[in-house]
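Heads up, the thing below is written out as structure tokens.
Every value quoted in this text rests on a predicted model; they were computed, and no experiment measured them. The figures here come from the full heavy-atom set of this structure, side chains too, leaving out hydrogens, waters and symmetry mates.
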Amino acid sequence: WIEFLGLVRVAGELAGSLSVGQKKLLELGRMLMTEPRCILLDEPFAGVNPVLVDEISKRIRELNATHGIAFVVIEANTSQPLVPLRIFKMRALSSANGIAVAVGAAMFTMFFFMSLYMQDVLGYSALAAGFAFLPGAIFIIAGATISSRLVSHVGPRRLLVIGGLLSAGALWWFSRLPASGNYGVHILAPLLIVCFGMGMSMVPMTVAATSGVDRSEAGLASGLLNTTRQVGGALGLAELATIATDHTNTLVTRHESLAA
């Protein structure tokens, strides 16, 4: 639905058949499907009633939770399940998927907030911010390449621990960013470290998720890993964006009260 709404908007713009109101409506729909609270971060929707946004967000989360519960119930009671729940009894697979949730949440959230920081605080254009992430992409490839060569010698567990510690340390570094930051001094080093750590985690995570799985279920195990990574990214971004919005609103309110 998110991509469908985006394609409708792009097609309408190319055809010149969308009014300003229709464009905003489609964009609003896309944002509601991802995380309604993020609307408050977007200038075209800055005037949306926060109470209404909170209520819509609550309803969507309840709907998603209902769908998740229904899926588990159906899969547990059907003779030919799409995802046999017994597969989660495998400790290595379950652990790898749990780590994938954390990695996805960290990666999506880091890129989202660093994009905001570089554009809204440092004044970068969208293109400049994109190029600023290029060294990180290179280090993700480097981390994945190195871990693929080491995983057969040291095992996936040690590489996952090393990659996780590197990423956690770099994310803590990012949390100390000043308002008057500089890309070369404050962003580049932690960006390279966190991307290298995430890249180092990907190969052993895949190995852990698929090792010991029957050949007939190898595709299922791999698909679960990719899915949980995406779910982790969506959940992490939704929750942290909500926390960031609430914290920002609290600080703004506090400063306004002090100024008054």
Side-chain angles (χ1 to χ4, degrees), residues 90-119 121-122 124 128-178 181-212 221-244:
M90 300 182 63
R91 183 177 178 182
L93 181 141
S94 297
S95 299
N97 279 273
I99 294 172
V101 171
V103 170
M107 181 178 293
F108 279 54
T109 306
M110 184 270 292
F111 282 117
F112 175 74
F113 282 113
M114 289 310 301
S115 295
L116 291 179
Y117 179 78
M118 285 190 280
Q119 293 181 67
V121 178
L122 301 186
Y124 286 18
F131 276 111
F133 284 118
L134 185 58
I138 295 173
F139 267 64
I140 289 177
I141 297 173
T145 302
I146 292 174
S147 65
S148 66
R149 296 177 180 176
L150 294 177
V151 68
S152 59
H153 300 289
V154 301
R157 181 179 298 179
R158 293 180 180 177
L159 290 176
L160 284 171
V161 171
I162 295 173
L165 290 175
L166 287 174
S167 298
L171 290 173
W172 176 85
W173 192 347
F174 272 138
S175 71
R176 318 307 297 174
L177 285 175
N182 178 276
Y183 177 79
V185 176
H186 300 101
I187 297 178
L188 183 59
L191 176 67
L192 298 181
I193 295 173
V194 69
C195 288
F196 185 82
M198 289 179 180
M200 181 173 283
S201 302
M202 289 181 179
V203 173
M205 193 163 48
T206 304
V207 171
T210 55
S211 61
S222 178
L224 277 175
L225 185 67
N226 290 329
T227 301
T228 51
R229 187 186 297 121
Q230 298 297 322
V231 169
L235 291 176
L237 179 57
E239 296 304 321
L240 289 175
T242 299
I243 293 172

If you look only at pairs with a residue in residues 92-113, which of them pass as a side chain to side chain donor-acceptor pair (under 3.5 Å), with sequence neighbours excluded?
-> Asn97-Thr228
Give every residue pair that meets the ring-ring contact (aromatic ring centres under 6.0 Å, His included) criterion with at least one member in residues 134-175, sequence neighbours excluded.
-> none
Less than 3.5 Å apart, which donor and acceptor atoms pair up between the side chains of residues 186-203 and the rest of the protein, not counting sequence neighbours?
{"unit_1": "His186", "atom_1": "ND1", "unit_2": "Asn182", "atom_2": "N", "d": "2.9"}
{"unit_1": "Ser201", "atom_1": "OG", "unit_2": "Gly197", "atom_2": "O", "d": "2.9"}

Just jot down the ring pair (Phe, Tyr, Trp, His ring centres under 6.0 Å) partners of Phe111, sequence neighbours excluded, or say none.
-> Phe133
Leu159, Thr145, Ile162 screened by side-chain contact (heavy atoms from CB on, under 4.5 Å) with Leu150, the one that passes | Leu159
Value for CE (Met110) from OH (Tyr117), rounded to nearest 0.5 Å, stands at 14.5 Å
Interatomic distance, OG1@Thr210 vs CE@Met205, rounded to 0.5 Å, equals 11.5 Å
Give me the atom names and distance for the closest heavy-atom approach of [X] to [Y].
X	Y	result
Phe108	Gly233	CG-CA, 3.5 Å
Pro156	Val207	CG-CG1, 4.4 Å
Val154	Arg158	O-CD, 3.6 Å
Pro135	Tyr183	CG-OH, 3.7 Å

Asn226 and Ser222: CA distance, side-chain angles, deciding distance, side-chain contact (heavy atoms from CB on, under 4.5 Å) verdict | CA-CA 6 Å; Asn226 290 329; Ser222 178; 4.1 Å; yes
Taking only residues two or more places apart in sequence, or in another chain, which ones meet Val231 in a side chain to side chain contact (heavy atoms under 4.5 Å, CB included)?
-> Thr227, Leu235
Residues forming a side chain to side chain contact (heavy atoms under 4.5 Å, CB included) with Gln119, sequence neighbours excluded = Ser115, Ala126, Ala129
Between Ser167 (side chain) and Gly164 (backbone), is there a donor-acceptor pair under 3.5 Å?
-> no
